[in-house]
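Along the sequence shown, residues carry numbers from 1.
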Amino acid sequence: MAKTLTAADIAKRAAAREAVKLVESGMRLGLGTGSTAAWFVELLGERIREEGLKVTGTPTSERTARLAARHGVPLVTLDEAGWLDLTVDGADEFDAALTLIKGGGGALLQEKIVAVASDRMVVIADETKQVETLGAFPLPVEIVPFGWETTKAIVEEMLEDMDVDGRSSTLRMAKDAPYVTDCGHYILDLHLRRIGDPEDLSGALNAIPGVVENGLFIEIADMAVVGHEDDTATTIEAPDLTEDDEH
């Protein structure tokens, strides 16, 4: 018996269903991590089985790799692919400029590497992820385990000079031990409540020794597909910044 979907699941599936229409035979795809990206992988597997679609996927986490293999999606590493045609991934928050917070699923570093190695990145999300201002969702920051407490203290000190409303951070845990990413790192979750200048914050974080990468995706996403509880989806294109750059 098929399980009953929640309203959130219906919205996530609707976004994934719309995004999978963008896939064409011969494409090299980046496969995101998280509950919404999982719907995309499942629906992609359906197209492969039912239509004979010929694609390869590069997973952004071991979890996604296992899911893709289960649904019959052929996998290659990013180095084997060389470059990707399209990456489809979820987001924890996104704003009107399609600046994202990602990393709730613990794969932000690999997700960002894959996204920037793609001709196009499409974000799929339910409408609760669309916000006016980023920051209600804690910002994940991937750090090396060595000296992590010192890194945490330096990050919190740096936040005193940032345009944010909260300045505390917590080490992400997995039961009684620190959560460890696929790359062997820890994650700090920054409780900022509001991020006034994502670009400034991203640069300041990545300048700190011990910080590997942060979960702000700036000018990376090209389009968002937003799923709704009535099983429909709408698309949002990233704003064209070239005109602003000329002035």
Side-chain angles (χ1 to χ4, degrees), residues 1-25 27-61 63-73 84-108 111 114-115 118-134 136-137 215 217 220-239:
M1 192 169 98
K3 68 175 183 177
T4 302
L5 297 181
T6 66
D9 284 333
I10 291 170
K12 292 174 182 180
R13 182 185 63 181
R17 187 175 59 233
E18 191 67 23
V20 83
K21 296 176 184 176
L22 302 171
V23 178
E24 300 174 1
S25 263
M27 278 188 167
R28 294 161 295 182
L29 304 171
L31 306 176
T33 295
S35 58
T36 312
W39 278 110
F40 177 82
V41 172
E42 180 177 334
L43 295 174
L44 179 64
E46 283 185 12
R47 284 197 62 191
I48 290 171
R49 291 190 303 274
E50 295 172 4
E51 302 173 25
L53 190 70
K54 302 294 184 184
V55 296
T56 56
T58 295
T60 54
S61 66
R63 186 163 74 251
T64 296
R66 292 191 295 269
L67 181 66
R70 191 157 70 242
H71 287 289
V73 180
L84 304 173
D85 300 293
L86 172 69
T87 287
V88 178
D89 204 346
D92 300 304
E93 283 186 344
F94 70 94
D95 63 14
L98 295 195
T99 300
L100 321 173
I101 286 181
K102 289 181 54 55
L108 70 95
E111 287 174 329
V114 167
S118 306
D119 286 338
R120 194 179 187 201
M121 182 195 185
V122 173
V123 177
I124 52 176
D126 64 87
E127 56 193 334
T128 65
K129 305 300 192 297
Q130 187 173 4
V131 298
E132 287 190 14
T133 304
L134 299 173
F137 191 91
F217 283 48
I220 294 176
D222 297 286
M223 185 174 78
V225 182
V226 183
H228 307 287
E229 294 179 0
D230 64 357
D231 205 25
T232 63
T234 54
T235 60
I236 303 170
E237 295 284 347

**Q.** Any Leu44 side-chain heavy atom under 4.5 Å of His71 side chain
**A.** no

(Q) With a 3.5 Å distance limit and no angle check, can you tell me whether Asp85 reaches the backbone of Arg28 through a side-chain donor-acceptor pair? (A) yes

Q) Which heavy atom in Met223 sits nearest to a heavy atom in Thr235, and how many Å separate them? A) SD-CB, 4.1 Å

Q. So which heavy atom on Ala233 is nearest to which on Glu18, and how close?
A. CB-CB, 4.0 Å

Q.
Rounded to the nearest 0.5 Å, what separates atom CG in Leu134 from atom CG in Asp95?
A. 4.5 Å

Q. Between Asp92 and Gly103, is there a donor-acceptor pair closer than 3.5 Å when you use the side chain of the first and the backbone of the second?
A. yes

Q: Give a yes or no on whether the backbone of Val20 and the side-chain of Arg47 come within a donor-acceptor separation of less than 3.5 Å.
A: yes

Q: Find the distance between OG1 (Thr4) and CG (Asp9) and round it off to the nearest 0.5 Å.
A: 10.5 Å

Q.
Could you check whether atom CD of Glu237 has more than 12 heavy atoms from other residues, nucleotides or ligands sitting under 6.0 Å from it?
A. yes

**Q.** Passing candidate, side-chain contact (heavy atoms from CB on, under 4.5 Å) with Val123, options Ile236, Leu100, Ile220
**A.** Leu100

Q: Could you grab the distance from atom CD of Glu51 to atom CZ of Arg49, nearest 0.5 Å is fine?
A: 11.0 Å

Q: Taking all non-hydrogen atoms of both residues into account, name the closest pair between Ser25 and Lys54 and its distance.
A: OG-N, 3.0 Å

Q.
Return the CG to CG distance between Leu29 and Leu84, rounded to the nearest 0.5 Å.
A. 8.0 Å

Q: Measure from the side-chain N and O atoms of Arg17 to the backbone N and O of Asp231, and report whether any donor-acceptor pair falls under 3.5 Å.
A: yes

Q. Do any N or O atoms from the side chain of Thr64 and from the backbone of Gly32 form a donor-acceptor pair under 3.5 angstrom?
A. yes

Q.
Is it the case that the side chain of Arg63 and the backbone of Gly105 share a donor-acceptor pair, with hydrogens and angles ignored and the cut-off at 3.5 Å?
A. yes

Q: Check Gly227 against Ala14 and note the closest heavy-atom contact, atom names and distance.
A: CA-CB, 4.3 Å

Q | Smallest separation among heavy atoms of Leu108 and Phe217, with atom names | A | O-CZ, 3.8 Å

Q. Which atom names give the shortest non-hydrogen contact between Ala96 and Pro239, and what distance separates them?
A. O-CD, 3.9 Å

Q) In Å and rounded to the nearest 0.5 Å, what is the CZ to CD distance from Arg13 to Glu42? A) 9.5 Å

Q | Thr87 versus Asp89, side-chain donor and acceptor atoms under 3.5 Å | A | no

Q) Stepwise, does the side chain to side chain contact (heavy atoms under 4.5 Å, CB included) test hold for Asp126 with Lys12? A) CA-CA 5 Å; Asp126 64 87; Lys12 292 174 182 180; 3.7 Å; yes

Q | Distance, nearest 0.5 Å, that separates CG of Asp222 from OG of Ser118 | A | 9.0 Å

Q. Checking Glu93 side chain against Phe137 main chain: does a donor-acceptor pair fall under 3.5 Å?
A. yes

(Q) In the structure I gave you, are the side-chain heavy atoms of Leu22 and Arg120 within less than 4.5 Å of one another anywhere? (A) yes

Q. Got a donor-acceptor contact below 3.5 angstrom from the Thr60 side chain to the Leu31 backbone?
A. yes

